[in-house]
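Read the structure below first, then the notes.
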Amino acid sequence: MLQSLHLQHPPISSTTSSSVKDSTMNMNTNTSKRPIHDSTDEITEFSGEIKRRNINEHEHEDNSLTVEAESSGLRLLGLLLQCAECVAVENLNRANSLLPEISELSSPFGSSLERVAAYFAEALQARIISSYLGTYSPLSIKTLTLAQNQRIHNALQSYNSITPFIKFSHFTSNQAIFQALEHEETVHIIDLDIMQGLQWPGLFHILASRPRKLKSLRITGIGSSHSLLEATGVRLHEFANSLNLPFEFIPLECKIGNISSDSTDFTEFLTQLGIRSDETVVVHWLHHCLYDVTGSDYNTVRLLRLLKPKLITVIEQDLSHGGSFLNRFVEALHYYSALFDAVGDGVEPENVERFTVERQLFGAEIKNIVAVGGPKRTGEVKVEKWGMELGRVGFRAVSLAGNPASQASLLLGMFPPWKGYTLVEESGRLKLGWKDLSLVTASAWEPLDLD
Amino acid sequence: MTSVDSLYNNTLFIFFTQKSSMERTHLSPYTNHPQTTTKQPISHTYSDPGGGEAGPDNDKWASKLLLECAQSISYKDYGKINHLLWMLNELSSPYGDCDQKLAYYFLQALFCKATESGNRCYKSLISVADKSHCFDSARKLILKFQEVSPWTTFGHVASNGAILEAFDGENKLHIIDISNTLCTQWPTLLEALATRSDDTPSLKLTVVVTSTMARSVMKEITQRMEKFARLMGVPFELNLINGSNKRLWQLTKEELNVQEGEAIAVNCIGALRRVEVEDRGDVIRLFSSLNPRIVTVVEEEADFTSSRFDFVKCFEECLRYYTLYFEMLEESFTPTSNERLMLERECSRSIVRVLTCDDEQNIDSGDCERREKGNQWCERLKEHFSLVGFSDDVVDDVKALLKRYRTGWSLAHDRTNSNEDSGMMLAWKDEPVVWASAWKP
């Protein structure tokens, strides 16, 4: 049990039996009163970070207010961590008894800390009840209704206008893809989670303007709803036609990891994805926690290895999905604290657009991470960091320093001035964060053994 | 079939194969029951990762699921209880639309009921709220609520009107105010007294605070009221009595400061419902013993009393009433209002109290929360008093008040006592919500 404290790669082979064992061990250590994680360190670390991030905000405020806010903020953090610890050792009684105070101190309409606490409290409450009922529902088998998808898309539009993350992912990956396609004329892009396909018009534009024209441009868009995919296809067709691009859209209603994992018939597999043998393949994935995209992480990795696309572009949240509940919780708390800070910066607490983004996107993700997720509960094996995983299974990083990096810098300098956001290039990866905490990493990969 | 229905059907079989956790009567889920931790995945076609509103085909899904769960609890159908609690847990959210909020707060109560942890839960909720409330936040909340909704001002205007008319010609006035309104009712009355055509009377105000929380904030009130009365030029005296640590009907004339030659009015706003059911008759007898000129009673229109030994019936009525209240709150406040959130949380405490707590345990007298409807209060009050109709002037004042708010508010006509006048009823979207009445001995 204690070994799960440290972030580590989960074994790639499916190990449902070992996860059951883990939970039995869990039960036997139930009687131990010693917390497995020293929360005092966490709180000090946390509060230091929050102070640092908010130093500008509170410079001119009344000192007494700041002190009060700080102490209730510290209390809130402490309670959240205590509650998570209790959930981690399945002391549901105690966890449940902490929630009323956490809820009372938090609010989705208050300071950044109060808001992030509100959603974590909601998620903890949901988790406690589902733990008590003893029934879990893994994320991989949930599907969203049309209305829910629509709400997410609308919230994403707001998200796109109040933060630079989406534009960052579009600009950097399109630039990397454009560079990889320099000498290619027959192109096939596979978007593992296409949603409304808002990324691709940007790429269409730069591909259409290059001197060496494309002979064919095809996109396989993967998603959960045929009607949504069709709508995306129509939109992309319109745009491509206006640029005179020879475009074809292939909608694929499935999850990439559920495509036949039987590697015996490679051509069969290519047919399923709609790929022709003469095409140059690029795979793209913009990562989030709103719903499950892969179906099976393990199979997805296998498929990517089989496929050996010319380029894989991945935009990943700097959050790991394996590991123990407590680790995931603490990491998520760090992560979303920064994110809530970022969207709340300079915005009044009653702002409805920000509330919508926080509730429909962040709150939903937090609930998925805290209330649903976890390999021990569901038996799934999750890849911790795709960026690192690809490096382990036969791909090497393609540096994004250069054009993609300058695109990203340009973006941050654009309107509105995204002050507070930090851009870092590290080993060819581009990291966008809020006040030095990296939140999103863009990376690109090519197969080690090139033809 | 709606998506909620298909979720229900698809997950039904899982719960019947599972050993029930509801058979335990104490809240310690995992002692010696490793098999209740199931790794069975549930397949379904609807899920809400916390952000969705119900579509048109899922209208009022919350009340359906909640009622079914309440019924399952009363039949002790453990498999079904688990299943429904799980569904409610998946779909609810305290920051979503009305359905999601109702699902969230009633789920809390159902969970307490199923695990028999209501008393403990309520104590914890109250102590937390007590700690975090202060005069400023309480006052801000009341004033904001009065700004966006006539829910409380309705009763104030009606009562003040009746009191002023009853006090006509008197100059030594004593109002015994049994309420938790933080004296927000009285400034307008003081103004009216100041502008009376004859000599300004003196006013003694004895405020009996019954809610455990209002107690801690009342001290700040005294200064403000005295200052305001000085401004108005009304000779004024304010006394506070803590009515929450004793039975209300045990208060004596001496404790209430009742003196010879005073014209007494008893003003009872949302206070009778806080009295334990068995004591209500005694409280009304106490009022009678004070020989008041007038008694004004304002209560919210719901019946959590006659059904108090029938869980499902009580649940239904709670759900009906709070659905109205939550919808009213949603339409009255802005979407990102902290005040609305605080009022919703207040409701959650009442819901837990009414549905899951033992009345006999007498958690803290003054927090009973078992409302009765106007006609029920009438039956009680008729033993010692007779109803005084509101004059046309007062009715006009109330109508003018309602015009100041968003549409949806009106005066309902009481159908039960169609021959007699039985007080005034505030209605929201034609549903009766708040009842105001005036009585004389």
Side-chain angles (χ1 to χ4, degrees), chain A residues 16 19-20 23-24 27 30 90 92-93 96-97 100-101 103-105 107-110 118-119 122-123 125-126 129-138 140-148 151-152 155 290-291 349-352 355 359-361 363-368 371-372 377-379, chain B residues 3 11 14-15 18-19 21 27-31 33-55 82-83 85-86 88-90 92-96 104 107-108 111 115 117 120-121 124-125 127-129 131-132 334-338 341-342 345:
Chain A
T16 339
S19 53
V20 171
S23 63
T24 328
M27 240 80 77
N30 202 5
E90 309 219 327
L92 300 180
N93 269 359
N96 213 18
S97 70
E101 194 174 353
S103 297
E104 189 71 29
L105 291 172
S107 158
F109 317 123
Y119 294 105
E122 183 190 347
Q125 173 83 82
I129 292 184
S130 76
S131 286
Y132 188 82
L133 295 174
T135 310
Y136 316 116
S137 162
S140 56
I141 51 184
K142 295 194 190 197
T143 54
L144 303 177
T145 64
L146 212 61
Q148 286 169 310
R151 275 189 292 276
I152 289 176
L290 293 169
Y291 50 81
E350 306 85 45
N351 186 280
V352 179
F355 169 60
R359 187 167 85 82
Q360 301 284 3
L361 300 178
E365 291 190 326
I366 290 168
K367 217 171 184 184
N368 285 336
V372 178
R377 274 154 65 98
T378 62
Chain B
S3 9
T11 58
I14 294 291
F15 288 90
Q18 195 191 328
K19 181 177 160 82
S21 54
L27 194 67
S28 51
Y30 287 107
T31 51
H33 284 295
Q35 62 266 38
T36 58
T37 310
T38 176
K39 297 287 184 270
Q40 283 277 4
I42 292 178
S43 96
H44 55 81
T45 55
Y46 178 92
S47 100
D48 190 64
E53 277 85 67
N82 270 24
H83 186 188
L85 287 177
W86 179 82
L88 287 163
N89 192 32
E90 286 279 301
S92 67
S93 167
Y95 315 125
Y104 183 81
L107 168 61
Q108 190 174 39
F111 188 72
T115 56
S117 55
R120 185 179 356 151
C121 177
S124 151
L125 288 173
S127 99
V128 157
K131 267 195 285 183
S132 69
T334 61
T336 53
S337 160
N338 263 313
L341 180 64
M342 279 161 71
R345 286 179 177 163

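In this text, all values refer to a predicted model and were calculated from it rather than measured experimentally. Chain letters run A, B, ... following the sequence lines, proteins first, then strands; residues in each count from 1.
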Looking only at heavy atoms, what is the nearest atom pair of [X] and [Y], with distance?
X: S93(B); Y: E122(A); answer: OG-OE2, 3.0 Å
X: S107(A); Y: L341(B); answer: OG-CD2, 3.6 Å
X: N89(B); Y: S130(A); answer: ND2-N, 3.5 Å
X: N351(A); Y: T336(B); answer: O-CG2, 4.1 Å

Atom CZ in R120(B), atom CG in N96(A): separation rounded to 0.5 Å?
8.5 Å

Heavy-atom cut-off 4.5 Å, strictly under: side chain, backbone, both or neither for S337(B) against chain A?
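Backbone only.
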
If I measure from the heavy atoms of chain A, does S132(B) come under 4.5 Å with its side chain, its backbone, both, or neither?
side chain

Heavy-atom pairs under 4.5 Å with chain B are the metric here; pick the option from A155(A), S103(A), S97(A) that has the most.
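The answer is S103(A).
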
If you define the side chain from C-beta out and look only at heavy atoms, does anything of E104(A) sit under 4.5 Å from K131(B)?
no

Decide yes or no for T115(B) and Y132(A): does some side-chain heavy atom of the first lie under 4.5 Å from some side-chain heavy atom of the second?
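In short, these two side chains touch, coming nearer than 4.5 Å.
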
Using the ring-ring contact (aromatic ring centres under 6.0 Å, His included) rule, take Y95(B) and Y119(A) through it: C-alpha gap first, then chi angles, then the decisive distance, then the call.
CA-CA 9 Å; Y95(B) 315 125; Y119(A) 294 105; 5.5 Å; yes

Under a 4.5 Å heavy-atom cut-off, does chain B meet the side chain of A118(A), its backbone, both or neither?
both

